[in-house]
Each structure stands twice: as structure tokens, then as C-alpha cells.
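First up is the structure itself, then whatever we jot down about it.
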Amino acid sequence: AAEERRPAVYKADARLACAARRLHWQTLRIASEAVIAPQQWQLSTPACAGLRRKLRKATAAGVSLAPAAAPGARLPWAALDRIAADWARAHRGERGFSMGRYTRGYLSGQRVYLACQSGQVIAFASFHQRRHEWVLDLMRHGAGVPDGTMQALVARAIEDARALGLPRLSLAAVPALRPR
């Protein structure tokens, strides 16, 4: 109270929101989840024209994607540490709350996609894995990453999710147009 902090529940499902209201908590929609159905997603649709341009730019810059590392797999920690530190400096630190924070222990429990250029890791994206869904979590890159690199990481994850028969891939929360 002295610091004017208030407890909050983020990304509550309907059941939890109802329980919170019974405890006289106020509920407020501040975000919506951006969800893709990998089985229906098609890169060839007109809506993905901008994405296709981004992916071509990444390819032209020599960006390649390493096979995804499943939770517990060996990762190139020195490169990921460097990229995460560069990202944190450029973005005034790790955020926390609604965004994950980079630590080796945290990342080792996720599916990790790596982008490389000239044999060096230049960016990565991680996903929480659930039985029927993946959820985008960390996206980190250093300075000067080629245009389209981050989009290529996400597009690859969507394709992999489709190949595995997953019905849902969440790109995480996006701000609500109007709080309700």
C-alpha cells in the first residue's frame, strides 16, 4: 500500500475472472490474445503479402533458421546470452510481468528457434509448449538484425506446429482496442 502497488491477475480465463469477481475484484479487459490456427494458416494468402516480403528480405540477407531446439536440448548459451544482453541494453532492460525475462533456466524449458547469419546466431524466439498449443514468449535480437528475421522465426514455428498437428499457436497478448 505504501508503494501504491495493487495485485493483478494477467491472462485470466473466464473461470478465474468469475472467481475474482466473487472476491470483489474488478475485472478489466486490457488485451486480447492473437491466435493462429496452424492447420488453416497459409503463407500464400493475400493477407500474408507483407509477411512474404519480410521473409524474402531475410533470405536475401543470408538468414537461415536452425532446427528448433525442444525443451531440455543443448543450446548455444554464449550466443544467446550475448543477444539477450544486447536486446536488454537497447530496450532498457527486461520487462517481466507480461513478458518473460531471459535466463538460461527459463529458456531451457521452452522450444527455441534460432536465426543464423554467416554461421553465427543473430536472433532467437522461444515458445511455451502445451499439449495442444504453443505460446510465443521471448523474442530477442542484437543490433542490425536483417529485416524479416523475427518474422521468419515465427513463420517457421507456425509451419512446425502445423506439421505436428497442433490446432493453436498463440502470438501472445495484444492491447485491446477498447478496455471493456
Side-chain angles (χ1 to χ4, degrees), residues 11 31 33-45 47-88 90-91 94-174:
K11 289 186 129 179
E33 195 168 11
V35 176
I36 291 176
Q39 303 308 310
Q40 283 77 47
W41 187 77
Q42 299 271 333
L43 183 59
S44 61
T45 63
C48 290
L51 175 59
R52 289 191 302 274
R53 280 191 293 279
K54 292 283 189 183
L55 298 179
R56 283 193 300 271
K57 287 181 180 185
T59 300
V63 173
S64 62
L65 304 178
R74 189 175 178 93
L75 291 167
W77 290 116
L80 301 184
D81 292 346
R82 177 186 46 78
I83 291 166
D86 289 350
W87 185 92
H91 293 88
E94 295 280 348
R95 301 287 198 292
F97 183 64
S98 68
M99 294 176 65
R101 294 179 190 217
Y102 174 84
T103 68
R104 287 182 176 193
Y106 182 70
L107 203 62
S108 66
Q110 297 185 344
R111 184 176 194 90
V112 179
Y113 286 84
L114 305 174
C116 302
Q117 187 180 40
S118 303
Q120 301 296 313
V121 178
I122 59 168
F124 66 90
S126 72
F127 290 78
H128 292 290
Q129 284 187 217
R130 297 182 184 144
R131 198 169 68 152
H132 297 293
E133 130 183 278
W134 291 350
V135 180
L136 177 63
D137 189 28
L138 298 182
M139 295 187 78
R140 299 290 187 265
H141 59 82
V145 68
D147 195 22
T149 299
M150 304 313 288
Q151 291 88 342
L153 289 166
V154 173
R156 173 67 179 272
I158 296 168
E159 292 294 339
D160 287 357
R162 180 194 351 249
L164 292 171
L166 292 176
R168 183 179 151 101
L169 185 140
S170 170
L171 297 177
V174 295

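Any value given below was found using the heavy atoms of this structure, including those in side chains, with hydrogens, waters and symmetry copies removed.
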> Applying the side chain to side chain contact (heavy atoms under 4.5 Å, CB included) test to Val135, which of Gln129, Arg168, His128 qualifies?
Replying inline: His128
>> Tell me whether the rings of Tyr102 and Phe124 are parallel (<30°), tilted (30 to 60°) or perpendicular (>60°).
In response: tilted
> Considering residues at least two apart in sequence or located in another chain, which fulfil the side-chain contact (heavy atoms from CB on, under 4.5 Å) criterion with Gln151?
Replying inline: Leu51, Lys54, Leu55
> If you look at every heavy atom in Ala155 and Trp41, which pair is closest and at what distance?
Replying inline: CB-CH2, 4.3 Å
> Which atom names give the shortest non-hydrogen contact between Ile83 and Gly142, and what distance separates them?
Replying inline: CG2-N, 3.9 Å
> Side chains of Leu138 and Trp87: closer than 4.5 Å at any heavy-atom pair?
Replying inline: no
> Looking at Val154 and Met139, what are the two nearest heavy atoms and their distance?
Replying inline: CG2-CE, 3.8 Å
> What residues, two or more places apart in sequence or in another chain, satisfy side-chain contact (heavy atoms from CB on, under 4.5 Å) together with Ala60?
Replying inline: none
> Are Phe127 and Asp160 close enough, and set up right, to give a side-chain contact (heavy atoms from CB on, under 4.5 Å), and what steps lead you there?
Replying inline: CA-CA 12 Å; Phe127 290 78; Asp160 287 357; over 6 Å; no
> Taking only residues two or more places apart in sequence, or in another chain, which ones meet Glu159 in a salt bridge (Lys or Arg N to Asp or Glu O under 4.0 Å)?
Replying inline: Arg162
>> So, using ring-ring contact (aromatic ring centres under 6.0 Å, His included) as the criterion, who are the partners of His132 when residues are at least two apart?
In response: none
> With His141, which residues qualify under side chain to side chain donor-acceptor pair (under 3.5 Å), at least two apart?
Replying inline: none
> Quick one: side-chain contact (heavy atoms from CB on, under 4.5 Å) partners of Arg52, sequence neighbours excluded?
Replying inline: Leu43, Cys48, Ala49, Arg56
> Tell me, which pairs form a salt bridge (Lys or Arg N to Asp or Glu O under 4.0 Å) where one or both residues lie in residues 62-80, sequence neighbours left out?
Replying inline: none
Run the side-chain donor-acceptor check on residues 116-123: report pairs under 3.5 Å with partners two or more places apart or on a different chain.
unit_1 : atom_1 : unit_2 : atom_2 : d
Gln117 : NE2    : Ala61  : O      : 2.7

> Would you find a donor on one side and an acceptor on the other, under 3.5 Å apart, between the side chain of Gln39 and the backbone of Leu166?
Replying inline: yes
> To the nearest 0.5 Å, how far apart are CG in Leu136 and CG in Leu169?
Replying inline: 7.5 Å
>> One pair to check against side-chain contact (heavy atoms from CB on, under 4.5 Å): Leu114 and Leu80. What are the steps and the verdict?
In response: CA-CA 9 Å; Leu114 305 174; Leu80 301 184; 3.7 Å; yes
>> Does anything in residues 103-125 form a salt bridge (Lys or Arg N to Asp or Glu O under 4.0 Å)? List the pairs, not counting sequence neighbours.
In response: Asp81-Arg104
> Does Arg130 have any side chain to side chain donor-acceptor pair (under 3.5 Å) partners at least two apart in sequence or in another chain, and if so, which?
Replying inline: Glu133
